[in-house]
A.B. asks: 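Can you keep this structure in mind? I'll have questions shortly.
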Amino acid sequence: MKMSDKFTSFIHDIIDQDLKEGINSKKVHTRFPPEPNGYLHIGHAKSICLNFGVALEYKGFCNLRFDDTNPSKEDVEYVESIQEDVKWLGYRWDDRMYYASDYFDKLYQYAVQLIEDDKAYVDDLSPEEIREYRGTLTSPGKESPYRNRSIEENLDLFERMKAGEFPDGSKVLRAKIDMVSGNLNMRDPVLYRIQRANHHRTGNKWCIYPMYDYAHPLSDAIEGITHSICTCEFEDHRPLYDWIIENVRNLNSRPRQIEFARLNLSHTVMSKRKLRQLVEEGYVEGWDDPRMPTISGLRRRGYTPEAIRDFCERIGVAKAVSTVDIALLEHCVRQDLIFKAPRYMAVLRPLKVVIDNFPEDQVEWMDADNNQENPELGTRKMPFSRVIYIEQDDFMEDPPKKFFRLAPGREVRLKHAYIIKCERVVKDENTGEIIELRCTYDPQTRSGMDTSGKKVKGTLHWVSAEQAINAEVRLYDHLFVKDNPEESKDTDFKQNVNPQSLEILKSFVEPAFAEAQPGGRYQFLRQGYFCVDPDSSEEQLVFNRIVSLKDSWAKMQKKK
RNA sequence: UGGGGUAUAGCCAAGCGGUAAGGCAGCGGUCUUUGGAAUCGCCAUCCGCAGGUUCGAAUCCUGCUACCCCAGCCA
């Protein structure tokens with residue numbers, strides 16, 4: 001998609017058509033309807049961007065509605081985190097935050113109406129019996145012996161269900177539709193069940209609760225929703241959705257359900273059940289672990305709302321089952337941060353370098369732009385002195401041909417400073433391990449000066465030892481080693497957890513980081529984008545790697 | 001013996017009877033005081049398969065095939 005192209009999809013086509021035909025007074029009103037039973041993830045972000053996005057594009061509205069019809073699974077903890085996540089993504093619902101539970105009274109009245117119209121009945125069959133009577137995918141169901149109770153008896157029984165006269169599970173209210181339908185959802189679906197549970201909003205007022213299939217279309221109609229966008233697994237619920245809308249009297253709006261394919265992302269899992277397992281079995285540290293595809297995890301990792309919105313736009317909306325390459329998500333955040341993030345220096349795996357011809361107690365403050373490509377981010381001073389650190393990877397004692405970095409006898413530029421030459425390698429006598437490098441610098445090559453025509457192949461980042469700040473750096477990688485962790489039905493996805501998804505380093509960062517605040521995002525020059533973690537304290541900065549920079553050297557090495 | 005849906009490049013995805021957009025990934029060049037960024041170029045003679053209609057088909061018709069969803073008093 002060209003970035004200038006207007007975002008479009010089959011959903012836009014449907015809306016355009018409805019608008020053309022003047023359906024629903026030519027308004028567009030959507031809703032994002034999470035059940036408050038877990039944390040939101042990137043798949044929900046797709047739905048949020050779609051629903052709020054469509055409303056914005058058509059100058060309509062999008063409601064936030066909690067689908068809280070099953071008190072045994074839901075909790076206020078989740079309604080709070082969901083609001084926070086939607087807000088963080090950049091969407092506003094103003095005063096349009098609702099709960100399906102707001103409509104419990106109305107929903108009850110509508111049910112009474114259906115009974116009066118002989119379209120619903122109270123069934124005494126047990127859950128097991130209902131299942132048996134439902135038939136199977138390939139064989140028809142049969143009608144319940146209670147299906148033909150009189151309207152009066154149904155009315156009485158339903159009222160007594162509500163009054164708490166019957167034990168949990170002993171009776172249900174069912175729609176009277178068609179027990180031989182090829183669509184199982186139409187085989188007299190349950191509308192209400194008896195469940196004594198404390199509801200997070202209505203407390204103990206109710207002991208009967210409506211089912212999703214009943215509550216959802218009616219909630220949509222009550223709110224004047226015009227386009228009720230959901231995922232494909234609800235496609236064969238649509239006839240029931242429409243049946244409810246058509247058979248409840250006096251509804252003044254006709255919402256239309258439209259289905260799209262849910263998001264799958266490579267190298268991760270998306271189902272609430274699996275994410276919960278990762279948390280509970282200790283594969284990650286919590287729902288907001290930076291490796292999690294949850295909104296809270298991505299936020300802590302350092303992803304921006306802009307990047308996530310851009311991602312949701314780029315992946316498009318369609319109905320085919322698909323798995324988006326996580327590289328696209330990573331591309332989006334690099335793209336967003338490229339001009340926004342100050343580019344500072346951090347040496348992740350330090351190697352000591354002594355510059356022998358630099359005066360012992362001298363500190364020279366170098367001018368450094370904060371973002372070469374965005375002058376608006378200003379400049380800072382970087383101390384340069386006799387002892388500095390460079391990256392271990394930036395030195396090789398016996399380098400291959402294409403290695404452009406430091407090696408014995410070779411010269412490289414230190415970004416924002418001087419060109420140095422490696423004169424000598426100092427090793428531990430016993431282990432042979434490289435302890436430090438002795439180098440010399442060329443005073444004529446200070447950054448910005450005429451470098452007397454001197455060209456070097458490589459430019460390194462560095463940190464002056466004396467002024468360096470200690471930091472913990474958390475390097476994150478894909479949570480799973482396989483692009484599809486659930487390769488086949490008989491693989492346990494946890495077998496594919498990446499044992500190297502987190503690497504913790506003790507690093508040195510330049511003094512400019514002294515002012516860094518939790519949530520702050522930076523580019524560590526030549527390495528990637530990093531975000532200050534809330535675990536940071538006065539004593540210790542903690543950084544999360546959001547994403548690495550593209551690295552063609554690493555790629556070359558990998559190919560070999 | 002059922003019902004619903006989907007098939008266009010490695011991954012997404014436009015396309016709506018006039019001769020295959022775009023993005024990501026990949027590959028190659030230029031440039032570069034980040035092996036980053038930027039920039040230029042390459043990357044489907046072909047649209048799940050087989051027939052048919054048409055001057056002309058990814059688009060229409062017929063028949064296959066593959067994959068996904070559905071038998072909660074979950075959503």
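Naming convention: chains lettered A, B, ... in sequence-line order (proteins, then strands); numbering from 1 in each chain.
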A.B. asks: Report, as a single string ordered 5' to 3', how protein heavy atoms within less than 4.0 Å touch nucleotides 35-43 of chain B: B base, S sugar-phosphate only, - not at all.
C.D. replies: BBBS-----
A.B. asks: Mind checking V317(A) for me? I need base, sugar-phosphate or nothing, with any heavy atom below 4.0 Å counting as a touch.
C.D. replies: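 Contact class for V317(A): sugar-phosphate only.
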A.B. asks: For rU62(B) and rG23(B), measure between their C1' atoms and round to the nearest Å.
C.D. replies: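 Roughly 36 Å separates the two C1' atoms.
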A.B. asks: Of the listed nucleotides (rC74(B), rG23(B), rG26(B)), which one gets closest to any side-chain atom of E35(A)?
C.D. replies: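 Among rC74(B), rG23(B), rG26(B), the one nearest the side chain of E35(A) is rC74(B).
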A.B. asks: Looking at rA66(B), which nucleotide sits across from it as a Watson-Crick or G-U wobble partner, both distances under 3.5 angstrom, or is there none?
C.D. replies: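 Pairing partner: rU6(B).
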A.B. asks: Any side-chain heavy-atom pair from D393(A) and R405(A) closer than 4.5 angstrom?
C.D. replies: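 The answer is yes; the side chains approach within 4.5 Å.
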A.B. asks: Write down the distance separating the C1' atoms in rC31(B) and rG35(B), rounded off to the nearest Å.
C.D. replies: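 Roughly 13 Å separates the two C1' atoms.
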A.B. asks: Suppose we define a pair by two distances each less than 3.5 Å, Watson-Crick or G-U wobble; what does rC60(B) pair with here?
C.D. replies: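 Its partner is rG52(B) (Watson-Crick or G-U wobble, both distances under 3.5 Å).
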A.B. asks: Give me the distance, rounded to whole Å, that separates rG17(B) from rC61(B) when you measure between the P atoms they each carry.
C.D. replies: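 The answer is 12 Å between these two P atoms.
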A.B. asks: Once the angle between the rings of F508(A) and Y389(A) is folded into 0 to 90°, is it parallel (under 30°), tilted (30 to 60°) or perpendicular (over 60°)?
C.D. replies: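 Rings of F508(A) and Y389(A): parallel, as their planes differ by under 30°.
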A.B. asks: Nearest heavy atom decides the nucleotide; on that basis, is I130(A) or S322(A) closer to the 5' end of RNA chain B?
C.D. replies: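 Of the two residues, S322(A) wins.
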A.B. asks: Reckon V190(A) touches a base, only the sugar-phosphate, or nothing at all at heavy-atom distances under 4.0 Å?
C.D. replies: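 Sugar-phosphate contact only.
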A.B. asks: Write down the partner of rC42(B) under the Watson-Crick or G-U wobble criteria, each distance required to be under 3.5 Å.
C.D. replies: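 The answer is rG26(B), by the H-bond criterion.
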A.B. asks: Rounded to whole angstroms, how far apart are NE2 on H331(A) and P on rG26(B)?
C.D. replies: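 After rounding, the gap between these two atoms is 12 Å.
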A.B. asks: Let's see if you can work this out: which of rC11(B), rA75(B), rG23(B) has an atom nearest to the side-chain heavy atoms of F234(A)?
C.D. replies: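 In terms of side-chain proximity for F234(A), the closest of rC11(B), rA75(B), rG23(B) is rA75(B).
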A.B. asks: Give D13(A) one of three labels, base, sugar-phosphate or nothing, depending on what nucleic acid heavy atoms sit under 4.0 Å from its own.
C.D. replies: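 Base contact.
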A.B. asks: Between rC12(B) and rA44(B), how far apart are the C1' atoms? Round to whole Å, please.
C.D. replies: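 Pairwise C1' distance, rA44(B) against rC12(B), rounds to 15 Å.
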A.B. asks: With rounding to the closest Å, how many angstrom separate the P atoms on rC42(B) and rC24(B)?
C.D. replies: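 It works out to 16 Å between them.
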A.B. asks: Provide the distance between the two P atoms, one in rA20(B) and one in rC47(B), to the nearest whole Å.
C.D. replies: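 After rounding to an integer number of Å, I get 12 Å for this pair.
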A.B. asks: Hey, can you tell me if Y441(A) and Y418(A) have their rings parallel, tilted or perpendicular (30° and 60° cut-offs)?
C.D. replies: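 Y441(A) vs Y418(A) ring planes: perpendicular.
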A.B. asks: Taking for each residue the nucleotide of RNA chain B bearing the nearest heavy atom, is the 5' side occupied by D325(A) or by H216(A)?
C.D. replies: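 Upstream on the strand: D325(A).
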A.B. asks: Can you name the salt bridge (charged side-chain N to carboxylate O under 4.0 Å, His left out) partners of D367(A), sequence neighbours left out?
C.D. replies: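 D367(A): salt bridge (charged side-chain N to carboxylate O under 4.0 Å, His left out) contacts with K381(A).
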A.B. asks: Looking at Y108(A), F104(A), Y214(A), Y192(A), which one forms a ring-ring contact (aromatic ring centres under 6.0 Å, His included) with Y209(A)?
C.D. replies: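 Result for ring-ring contact (aromatic ring centres under 6.0 Å, His included) with Y209(A): F104(A).
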A.B. asks: Whom does rG72(B) pair with, Watson-Crick or G-U wobble, provided both distances fall under 3.5 Å?
C.D. replies: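 When the pairing criteria are applied, nothing turns out to pair with rG72(B), so the answer is none.
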A.B. asks: Whole-Å distance between rC73(B) C1' and Y192(A) OH?
C.D. replies: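 Rounded to whole Å, this separation is 14 Å.
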A.B. asks: Mind telling me if rG72(B) is syn or anti? Syn here is a glycosidic angle within 90° of 0.
C.D. replies: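 Base orientation relative to the sugar is syn.
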A.B. asks: Using the P atom on both, measure rU33(B) against rA25(B) and round to a whole Å.
C.D. replies: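 Those two atoms are separated by 25 Å.
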A.B. asks: Out of rA71(B), rG26(B), rU33(B), which nucleotide sits closest to the side chain of K555(A)?
C.D. replies: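 Closest nucleotide to the K555(A) side chain: rG26(B).
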A.B. asks: Report the distance from atom CD of E128(A) to atom P of rA71(B), rounded to the nearest whole Å.
C.D. replies: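 Value for this atom pair: 16 Å.
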A.B. asks: Give the rounded distance in Å between these two atoms: CG of L329(A) and P of rA25(B).
C.D. replies: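 One finds 12 Å between P of rA25(B) and CG of L329(A), rounded.
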A.B. asks: Quick one: L414(A) CG to rU33(B) P, roughly how many Å, whole number?
C.D. replies: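 Atom CG in L414(A) sits about 15 Å away from atom P in rU33(B).
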A.B. asks: Among T459(A), D394(A), D551(A), which residue satisfies the side chain to side chain donor-acceptor pair (under 3.5 Å) criterion with R526(A)?
C.D. replies: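 Exactly one candidate clears the test, D394(A).
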A.B. asks: Can you pull every protein N or O that's under 3.5 Å from an N or O on nucleotides 2-6 of chain B?
C.D. replies:
residue : atom : partner : partner atom : Å
rG2(B)  : N9   : L137(A) : O            : 3.0
rG2(B)  : N2   : G182(A) : O            : 3.3
rG2(B)  : N3   : L137(A) : O            : 2.8
rG3(B)  : O4'  : G182(A) : O            : 3.3
rG3(B)  : N2   : D236(A) : OD2          : 2.6

A.B. asks: Determine the contact category for L240(A): base if any of its heavy atoms lies under 4.0 Å from a base atom, sugar-phosphate if only primed atoms, P, OP1 or OP2 are that close, otherwise nothing.
C.D. replies: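 L240(A): no heavy atom of the nucleic acid under 4.0 Å.
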A.B. asks: Select base, sugar-phosphate, or nothing to describe what S72(A) touches, counting heavy atoms under 4.0 Å on all strands.
C.D. replies: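 The answer is nothing, as S72(A) stays clear of every strand by at least 4.0 Å.
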A.B. asks: In whole angstrom, what separates R413(A)'s CZ from rU32(B)'s P?
C.D. replies: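 Going from CZ in R413(A) over to P in rU32(B) covers 14 Å.
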A.B. asks: For rC73(B), take OP1 and OP2 only and decide whether either is under 4.0 Å from a side-chain N or O of R134(A).
C.D. replies: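 Looking at the OP1 and OP2 atoms of rC73(B), one of them is under 4.0 Å from a side-chain N or O of R134(A).
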A.B. asks: Take the angle between the ring planes of Y344(A) and Y522(A) and call it parallel below 30°, perpendicular above 60°, tilted in between.
C.D. replies: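 Tilted.
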A.B. asks: What is the ring orientation for H237(A) with F234(A), classed by angle as parallel under 30°, tilted 30 to 60°, or perpendicular over 60°?
C.D. replies: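 H237(A) and F234(A): perpendicular rings.
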A.B. asks: Determine the contact category for S447(A): base if any of its heavy atoms lies under 4.0 Å from a base atom, sugar-phosphate if only primed atoms, P, OP1 or OP2 are that close, otherwise nothing.
C.D. replies: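 Since a base atom lies under 4.0 Å of S447(A), the category is base.
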A.B. asks: Side chain of S101(A), backbone of R201(A): donor and acceptor closer than 3.5 Å?
C.D. replies: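 No.
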A.B. asks: Sticking with atom P, work out how far rG3(B) lies from rU45(B), rounded to a whole angstrom.
C.D. replies: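 Going atom to atom, P in each nucleotide, I get 37 Å.
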A.B. asks: Taking N154(A) for the side chain and V122(A) for the main chain, is one N or O donor matched with an acceptor at less than 3.5 Å?
C.D. replies: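 Such a contact is found between N154(A) side chain and V122(A) backbone.
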A.B. asks: Can you check ring pair (Phe, Tyr, Trp, His ring centres under 6.0 Å) on F530(A) and F513(A), steps first, answer last?
C.D. replies: CA-CA 12 Å; F530(A) 292 75; F513(A) 278 110; 9.2 Å; no
A.B. asks: To the nearest Å, give me how far apart CE (M270(A)) and C1' (rA75(B)) are.
C.D. replies: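 That distance rounds to 18 Å.
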A.B. asks: Under a 3.5 Å cut-off for both contacts, is rC31(B) paired Watson-Crick or G-U wobble with anything, and if yes, with which nucleotide?
C.D. replies: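 Looking at the geometry, rC31(B) pairs with no nucleotide.
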A.B. asks: With a sphere of 6.0 Å drawn around CZ of R410(A), does it hold more than 12 non-hydrogen atoms of other residues, nucleotides or ligands?
C.D. replies: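 More than 12 within 6.0 Å, yes.
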A.B. asks: Could you check whether the rings of F493(A) and F480(A) sit parallel, tilted or perpendicular, using 30° and 60° as the cut-offs?
C.D. replies: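 If you compare the ring of F493(A) with that of F480(A), the planes turn out tilted.
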A.B. asks: May I have the distance from F311(A) (atom CZ) to rA13(B) (atom C1'), rounded to whole angstrom?
C.D. replies: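 In whole Å, rA13(B) C1' lies 13 Å from F311(A) CZ.
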A.B. asks: NA contact type, H461(A), heavy-atom cut-off 4.0 Å: base, sugar-phosphate, or nothing?
C.D. replies: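 Here H461(A) touches no strand at all.
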A.B. asks: Within the structure shown, what part of the strands sits under 4.0 Å from M211(A) by heavy-atom distance: base, sugar-phosphate, or nothing?
C.D. replies: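 Sugar-phosphate, no base atom in range.
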